[in-house]
Amino acid sequence: MSTLPNPLMARLAEVRKSGDVAKLAEAIPYARWMRIAPENGTGELLTRMRYHDDLIGNTFLPAIHGGTLGAMLEMAAIFHLLWETETETVPKIVNITVDYLRSARPVDVIACAKVTKQGRRMVNVYAEAWQDDRAKPVATANAHFLIKSDDAPPSL
Amino acid sequence: MSSPLKDPDQRIVFFQQWFSDTIPHSKALGLKIIAVRRGFGSMQLDWREELVGNPETGVLAGGPLTALMDSCCGMSVATMLSEPKPFATLDLRIDYVRPATPGKAVIAEAECYRVTHSVAFTRAFAHHGDPKDPIAAAAGTFMLGTKGEVTRPQTIGAEVKP
């Protein structure tokens with residue numbers, strides 16, 4: 001194990017001082033590439049995936065690719081765990097189940113997350129994604145994350 | 001209608017064309033079709049720096065694997081339809097059983113093992129070349145006959161009995 005701080009955890013410490021949560025995404029190459037970033041302008045931590053044409057999964061409807069919705073729900077859960085809990089390591093995803101409720105149009109997708117159950121090693125997170133109308137989610141997810149690296153099995 | 005695509009190489013070209021033309025996200029990820037036949041699809045995702053989730057380790061984020069599994073399961077569904085019709089992912093579960101090795105391509109293999117009138121059932125594994133040493137496992141269900149245009153290629157095999 002490296003003794004250097006993880007770039008993401010180092011970024012988290014900076015962001016805790018500055019309050020600029022969007023900077024968390026800058027430490028994750030995939031989040032930058034997908035234009036997924038957290039925001040807390042309303043006082044609630046939300047995660048936004050900015051629309052760009054590479055997100056499309058069906059050019060005829062058109063609709064955003066289901067894989068990208070799963071990906072942004074997972075990122076929303078990770079940002080929530082980093083920001084709202086006392087996790088000391090980057091949460092490691094164990095599994096995720098995504099339910100697709102509506103087709104997602106070619107506009108921004110926003111997600112919120114909440115911890116359903118916090119254990120010592122494992123945390124269960126629920127996340128929900130919507131577009132214009134929060135009452136009409138396009139996808140929801142449940143995911144498990146390992147949050148204590150020293151207790152993690154060698155492979156995870 | 002067009003005849004079933006009997007030639008494996010022709011099938012790959014055909015499905016890859018469909019992918020590149022109508023699924024920009026699959027193209028953006030650089031998904032390559034390795035094999036496609038009735039009830040089965042296999043795809044490859046090459047490792048790239050911008051797909052990394054943990055900058056300390058270089059391990060791929062979960063997201064690209066989710067998109068790979070969704071796409072591969074969806075392709076296995078397309079091979080089972082007696083006539084092309086639109087369909088959409090209903091749900092998708094992914095177990096990340098071990099981290100992907102940085103720098104290595106990930107191969108997904110999906111099986112569509114049951115098609116009913118309204119729903120298709122799939123399962124998939126992702127690995128680095130040895131299917132007995134999986135990185136991730138998936139179970140996906142798809143709703144058939146959803147709204148929208150047909151974007152999928154013609155079926156490969158015979159009639160499906162609902």
Side-chain angles (χ1 to χ4, degrees), chain A residues 1-2 4-11 26-34 36 52-75 77-78 89-90 92-103 139-144 153-156, chain B residues 19 21-29 31 45 48-74 86-99 133 135-143 146-152:
Chain A
M1 265 304 209
S2 165
L4 289 168
N6 180 291
L8 184 54
M9 299 313 284
R11 183 65 62 103
E26 290 175 12
I28 304 174
Y30 180 68
R32 286 201 307 266
W33 186 68
M34 288 285 283
I36 296 171
H52 52 112
D53 290 345
D54 281 349
L55 296 181
I56 291 291
N58 181 326
T59 48
F60 289 84
L61 285 174
I64 290 179
H65 195 285
T68 72
L69 296 173
M72 76 88 64
L73 285 162
E74 181 190 325
M75 294 303 308
I78 290 171
T89 60
V90 179
K92 284 173 181 155
I93 190 158
V94 177
N95 55 34
I96 185 166
T97 304
V98 183
D99 288 317
Y100 295 96
L101 308 174
R102 292 176 174 84
S103 95
T140 60
N142 274 293
H144 287 104
S155 61
L156 276 172
Chain B
F19 248 55
D21 286 352
T22 67
I23 313 183
H25 189 64
S26 298
K27 199 176 180 185
L29 283 170
L31 297 186
L45 171 71
R48 297 215 308 268
E49 198 278 334
E50 63 252 44
L51 304 182
V52 165
N54 187 336
E56 187 183 34
T57 59
V59 171
L60 286 178
L65 292 177
T66 304
L68 170 69
M69 293 299 230
D70 186 29
S71 300
C72 202
C73 287
F87 59 88
T89 317
L90 190 61
D91 69 20
L92 181 69
R93 178 202 167 101
I94 306 206
D95 292 310
Y96 297 97
V97 301
R98 73 170 177 87
D133 186 17
I135 297 158
T141 57
F142 291 78
M143 194 74 198
T146 49
K147 67 178 180 180
E149 301 280 330
V150 172
T151 66
R152 273 77 187 174

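Since this is a predicted model, take the numbers as computed values, not measurements. Quick note on labels: first sequence line is chain A, next is B, and so on, each numbered from 1. Heavy atoms only: backbone and side chains are in, while hydrogens, waters and symmetry mates are out.
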Residues A:Pro29 and B:Val52: closest non-hydrogen pair is CD-O, 3.5 Å

Between OG1 on residue A:Thr89 and CG on residue B:Asn54, distance to nearest 0.5 Å: 9.5 Å

What residue among A:Thr97, A:Val94, A:Ile93, A:Asn95 forms side chain to side chain contact (heavy atoms under 4.5 Å, CB included) with B:Asp95? A:Asn95

Using side-chain heavy atoms (C-beta onward) and a distance below 4.5 Å, is B:Leu90 in contact with A:Tyr100? no

Grab the two heavy atoms, one from A:Asp54 and one from B:His25, that are nearest each other, plus how far apart they are. O-ND1, 2.8 Å

How long is the span from the NZ atom in A:Lys92 to the OG1 atom in B:Thr57, to the nearest 0.5 Å? 8.0 Å

Sort out for me which of B:Ala61, B:Pro55, B:Ala139, B:Ser71 touches chain A most, counting heavy-atom pairs under 4.5 Å. B:Pro55

B:Tyr96 vs A:Ile96 side-chain heavy atoms within contact, under 4.5 Å: yes

How far does OG1 of B:Thr146 sit from CG of A:Leu61, to the nearest 0.5 angstrom? 7.5 Å

Chain A heavy atoms under 4.5 Å from B:Leu65: which part of the residue, side chain, backbone, both or neither? neither

If every non-hydrogen atom of B:Ser26 is compared with every non-hydrogen atom of A:His65, which pair is closest and at what distance? OG-NE2, 4.0 Å

Residue part contacting chain B, namely of A:Met34, when any heavy atom lies under 4.5 Å: side chain

So, taking the atom named CZ in B:Arg93 and the one named CG in A:Asn142, what distance separates them when rounded to the nearest 0.5 Å? 10.5 Å

Kindly give the heavy-atom pair with the smallest separation between A:Trp33 and B:Ala28, and that separation in Å. CZ2-O, 3.5 Å

